[in-house]
There are 2 protein chains.
Amino acid sequence: MELYLIRHGIAAVRGTYTNDDERPLVAKGISKTQKVAQKLRLIGVEFDLILSSPLVRAFQTAEILLEADLSSKLETFTPLKPGGKIQDWLHWLQEKRNNNSLNTLALVGHQPDLGNWTEMLIWGSITDQIIVKKAGIVGLRLPDSREILGNSELFLLTSPKWFI
Amino acid sequence: MELYLIRHGIAAVRGTYTNDDERPLVAKGISKTQKVAQKLRLIGVEFDLILSSPLVRAFQTAEILLEADLSSKLETFTPLKPGGKIQDWLHWLQEKRNNNSLNTLALVGHQPDLGNWTEMLIWGSITDQIIVKKAGIVGLRLPDSREILGNSELFLLTSPKWFI
C-alpha cells in the first residue's frame with residue numbers, strides 16, 4: 001500500500017481571518033497546487049481515496065486534486081486537522097492495509113504534522129528533520145504485514161520547486 | 001550548506017563486464033540522466049563541486065551533470081565507491097562545512113550507500129528505509145554548527161519518474 005501525505009498550498013497570511021480554520025488558498029497557492037495536481041496526473045498517479053483535514057486551505061487543496069481526476073473519492077477526516085496525532089488514525093489505516101481495501105491513499109493536511117507522521121512511519125520517532133513545503137508531497141510504502149510505524153519506506157519527498 | 005546525493009543512471013546489466021567497475025550507462029540511462037540534469041539546470045541548481053565514485057557508471061553520470069553546466073568542477077573521490085562508509089569522508093565534509101568553503105556539494109555514487117548515508121545524516125543510524133532509485137536525487141541541509149550526523153534535514157528525495 002502506498003500512502004501520500006500532501007500539504008495544503010499557499011494560503012492567506014495567518015491573522016487575516018478571525019477563524020484560522022477559514023483561511024483560504026491565495027491565487028498563487030491555487031495555481032501552484034493545480035500544477036502539482038496536473039503533474040501527478042501526467043505521471044499516472046491515482047488515489048483510491050483522498051482524506052482531507054476539514055480546514056478550508058486543506059480541503060481546497062484536496063478539491064484541486066479531485067478536479068485533476070486523481071481520485072473520485074474525497075472525504076474530510078478530523079484527525080488530520082492541525083496538531084493531530086498519528087495514533088488518532090493509525091488503527092484505521094492498519095485495518096485498511098490488512099483488508100487490502102486501499103492500494104493508494106492520499107492524506108491532505110498541515111505541518112509539522114505531516115513531517116512528523118513521516119518520521120514516525122519510517123523510524124518510529126519524531127525529530128523534525130523532514131521538511132514538507134506547501135503543496136509538497138511525501139510518498140511512503142507501507143510494509144505488507146509488519147507494524148506500520150517504524151517500518152515504512154520513503155520513496156518521495158518533494159516541494160513544488162522540485163516537482164512542477 | 002546543501003548536500004546532494006545523486007545515484008548513477010541505468011547501467012549495463014551486472015555480469016556483462018568482467019570488471020564490474022567498468023559497466024557503463026546504457027542509452028536509456030544516459031538519456032534519463034540528461035533529462036534529470038536539464039531539469040536541475042532549469043530549477044537553477046549549481047554545485048560548487050561534484051565528487052564522483054571512480055566507477056564508470058558513476059563518473060559518466062557526473063560528467064552528464066557537468067555537461068549540463070551544473071558545476072565547473074568534477075573530481076573522483078574513492079570513498080564514494082560501492083561499500084564506502086560515511087566515516088571515510090565525514091571528516092572532510094565537516095572541514096568544508098566549518099570553513100564555509102562549499103555552499104552546495106554533489107556526491108555521485110551507489111546504492112545502498114547513498115540511502116544509508118542519508119539515514120545516518122538525518123537520524124544517525126541505518127535502517128534501509130530510504131530508497132534512492134537510479135538517477136535519483138537526495139537533498140539535505142547540513143546544520144550550521146552542530147554535529148552533521150543525526151542533525152541534517154531532508155528536503156528532497158526523488159527518482160526520475162517524479163522529477164523529469
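Every value quoted in this text rests on a predicted model; they were computed, and no experiment measured them. Note on naming: letters A, B, ... go to the chains in the order of the sequence lines (proteins, then strands), and numbering restarts at 1 for each one.
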Interatomic distance, [X] atom [atom1] to [Y] atom [atom2] [nearest 0.5 angstrom]:
X: B:Phe155; Y: A:Lys161; atom1: CZ; atom2: NZ; answer: 7.0 Å
X: B:Thr127; Y: A:Trp123; atom1: OG1; atom2: CH2; answer: 5.5 Å
X: B:Ile122; Y: A:Ile122; atom1: CD1; atom2: CD1; answer: 7.5 Å
X: A:Ile130; Y: B:Leu157; atom1: CD1; atom2: CG; answer: 8.5 Å
X: A:Trp162; Y: B:Thr158; atom1: CH2; atom2: OG1; answer: 10.0 Å

Per-residue tally against chain A (heavy atom, under 4.5 Å) across B:Glu119, B:Arg141, B:Gln129 peaks at B:Gln129

Quick check on [X] against chain B: is it the side chain, the backbone, both or neither that has a heavy atom closer than 4.5 Å?
X: A:Val45; answer: side chain
X: A:Leu140; answer: neither
X: A:Lys133; answer: neither

**Prompt:** Out of A:Leu42, A:Leu40, A:Asn151, A:Ile131, which one racks up the most heavy-atom pairs below 4.5 Å with chain B?
**Reply:**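 If we count pairs closer than 4.5 Å to chain B, A:Ile131 comes out on top.
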
Take B:Leu156 and A:Phe163 through the side-chain contact (heavy atoms from CB on, under 4.5 Å) test and state the conclusion after the steps. CA-CA 10 Å; B:Leu156 179 66; A:Phe163 188 64; over 6 Å; no

Does A:Leu121 share a hydrophobic cluster with A:Val132, counting links as ILVMFWY side-chain heavy atoms below 4.5 Å and allowing steps through other members?
yes

- Check side-chain hydrogen bond (donor to acceptor under 3.5 Å, both in side chains) between A:Glu153 and all other residues, then give those that pass, not counting sequence neighbours.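 Partners of A:Glu153 under the side-chain hydrogen bond (donor to acceptor under 3.5 Å, both in side chains) test: none.
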
Q) How about B:Asp144: does its CG atom have over 12 heavy atoms from other parts shown lying under 6.0 Å from it? A) no

